[in-house]
Every structure is written in structure tokens, then in C-alpha cells.
Amino acid sequence: MSASDPIQPYPTEPGSTPPAPPAPTKRPRNTIALVALIVAILGFAFAVIEGAYLLGWVLLPIGFVLGLVGLFARDRGKGLAVAAVIVSVVGTIAGVVAFTSSMSRVVNESFRPGTTTVVPSPGATTTEAPAGSPATTASGKRTIELKVTSERQASVSYAVGSGSSSEETSGSWSKTLQTDRGFEFVSLSAMNAEYSKKNAITCEILVDGVSVSQQSGSGTSAMASCSATVS
């Protein structure tokens, strides 16, 4: 056979078929990327739910990091990893927006205009509201009860928001307030007015019937001080 002769194909037996080409190898599943996507989706969901922001902020960075790990894994699919990174970034942005909106709403509700009024109660010595707290009869208010017990003469002072008032009492003293403010600070104090004699004094603040602050003092310099926030 000379160099100019054409190359003849390899002869095959009559009736036989040529061998099939090898099947393409399938890439193994990118498990890390799949986990990253699941974590990122959960983080996104929690990041926009009020009260679950913290859990979302924990899951989103984990999903982002796992997504990057899956993205750089060799011989693995990249689609799930890319999706995990994107969901983590978008979820973080959405979480910040949701948290900012929620905090803005809370602040607005806390400092919105409102009123606090003193209502008559058994044993109350006055029905005048503290200075700076105009009276109102609007509904939907929280009830605040101020109570003081003293064996002898005592000086009682209480403050609601920016208003304050002082009174003298002997025995049991109480005052009932109602407020529709989103945030209110209440303080109550009582001290012995007869410095030469021993006294026992107790103060207590109740909000909607639940005691939130209580203190007692005894002796010639007996004094009791209570405070609470209503929100």
C-alpha cells in the first residue's frame, strides 16, 4: 500500500452495529448549595416577620456563606449556590426595611399625643390631674393604680409623664389614673412626715390590676419609692 492510497475504514462484520458513544458523566448534586438555599429562604421569611427578626439575621449570613462555599465547589452545579447567595442578599435588605419600619411604628406609637387623667376611687383625696396631664374621658385607656399605706402622717408624691403632684396622707391613700399614651412613665414615693416618730410605709403601683412595683420602709426616716413604665 502506497502513501497515496486512501485509508480504508476498519471492516465490520456483516450485521453488527458500531459501538455507542460513551454516556456523558452526570455532575454530583451540590448538597451544600441546596442546604444554603433552604437556610437562606428560611432566613428571608423570618427576617420580615415582626418578633422573629433575630432568627432571620442569624440564618441569612449562614445561608450566604454556605452559598459561597457551594459556588466554589469543584465539579458541582452552581445554580442552587447562586440562588442561595441572591436570596440571602435580598433577604437582608428586606429584613432591614422591615425592622426599620417596625421600629418607626413603635416610636410613633410611643410618643404619639395622648392624655392621662385621674379618676375618682375609694379613699382618693383628690380628683385633680397632675400638672401637664389634662383630664379626658376617652375610652380605650390603661388603668394605673397608685397605693400608699402609712401608720402615721406621710408625704406622698407621684408623677405621670411630665406632670407631678404632692399630697399629705395618714393611713391608706390611693389614686387611679387612666392613660391612652403609647408610653408612660409613672413614679410614686412616700416619706414619713413625723420625723420624731417611727413609721411604716408601703407603696405599690398596679397596671390593669397587676402589681408592677412595690416597696416598703420603716423607722423615723421611713420612705418608699416605686416606679413603672406603661406601654
Side-chain angles (χ1 to χ4, degrees), residues 28-74 76-117 132-134 136 138-146 158-163 176-188 204-215 225-231:
R29 177 181 296 177
N30 195 337
T31 305
I32 295 179
L34 178 60
V35 173
L37 181 58
I38 295 174
V39 173
I41 293 174
L42 291 176
F44 193 134
F46 285 118
V48 296
I49 298 177
E50 188 169 354
Y53 298 136
L54 182 59
L55 183 57
W57 292 341
V58 171
L59 293 176
L60 285 172
I62 295 176
F64 181 78
V65 173
L66 290 178
L68 292 180
V69 173
L71 189 62
F72 290 100
R74 297 182 61 182
R76 296 291 191 275
K78 310 297 183 182
L80 294 179
V82 172
V85 172
I86 294 175
V87 171
S88 298
V89 173
V90 175
T92 301
I93 296 174
V96 171
V97 173
F99 177 78
T100 303
S101 176
S102 178
M103 290 298 100
S104 177
R105 179 179 55 80
V106 170
V107 171
N108 290 336
E109 290 182 356
S110 298
F111 294 97
R112 65 179 174 84
T115 56
T116 301
T117 182
S133 299
T136 182
S139 60
K141 295 183 177 182
R142 309 283 304 270
T143 300
I144 306 169
E145 297 178 73
L146 310 178
Y158 68 97
V160 182
S162 59
T176 301
L177 313 174
Q178 289 184 334
T179 182
D180 61 358
R181 297 179 186 271
F183 180 87
E184 192 73 278
F185 178 78
V186 183
S187 64
L188 171 66
E204 184 178 15
I205 299 177
L206 299 93
V207 178
D208 295 332
V210 179
S211 179
V212 295
S213 181
Q214 185 176 13
Q215 192 178 55
S225 179
C226 301
S227 62
T229 56
V230 182
S231 59

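For this chain, numbers begin at 1 and follow the sequence in order.
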What are the two closest heavy atoms between [X] and [Y], and how far apart are they?
X: A47; Y: L60; result: CB-CD1, 3.9 Å
X: I41; Y: V87; result: N-CG1, 3.9 Å
X: V58; Y: I62; result: O-CG1, 3.3 Å
X: V39; Y: L59; result: CG1-O, 3.3 Å
X: G70; Y: N30; result: O-ND2, 2.9 Å

If you define the side chain from C-beta out and look only at heavy atoms, does anything of [X] sit under 4.5 Å from [Y]?
X: V186; Y: Y158; answer: no
X: L206; Y: V212; answer: no
X: I38; Y: L42; answer: yes

- Task: Using the test side-chain hydrogen bond (donor to acceptor under 3.5 Å, both in side chains), find all partners of E204 that sit at least two apart in sequence or belong to another chain.
- Result: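 Partners of E204 under the side-chain hydrogen bond (donor to acceptor under 3.5 Å, both in side chains) test: S211.
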- For T229, check side-chain hydrogen bond (donor to acceptor under 3.5 Å, both in side chains) against everything at least two apart and list the hits.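 side-chain hydrogen bond (donor to acceptor under 3.5 Å, both in side chains) list for T229, sorted by chain: empty.
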Partner set under side-chain contact (heavy atoms from CB on, under 4.5 Å) for [X], not counting sequence neighbours:
X: T143; value: E145, T176, Q178, D208
X: L71; value: K78, A81, V82
X: A45; value: none
X: F72; value: none

- Query: Is there a donor-acceptor contact under 3.5 Å from the side chain of T100 to the main chain of V96?
  - Reply: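 Answer holds: yes.
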- Item | Backbone of A84 reached by a side-chain donor or acceptor of S88 within 3.5 Å |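 A pair under 3.5 Å: yes.
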- Message: side chain to side chain contact (heavy atoms under 4.5 Å, CB included) for L188 and I205? Distances and angles first, verdict last.
- Response: CA-CA 8 Å; L188 171 66; I205 299 177; 4.2 Å; yes
- Query: Taking only residues two or more places apart in sequence or in another chain, which ones pass ring-ring contact (aromatic ring centres under 6.0 Å, His included) with F99?
  - Reply: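 Expected list: Y53, W57.
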- Item | Separation between OG1 of T31 and CG of L66, rounded to the nearest 0.5 Å |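 Reported value, rounded in 0.5 Å steps: 12.0 Å.
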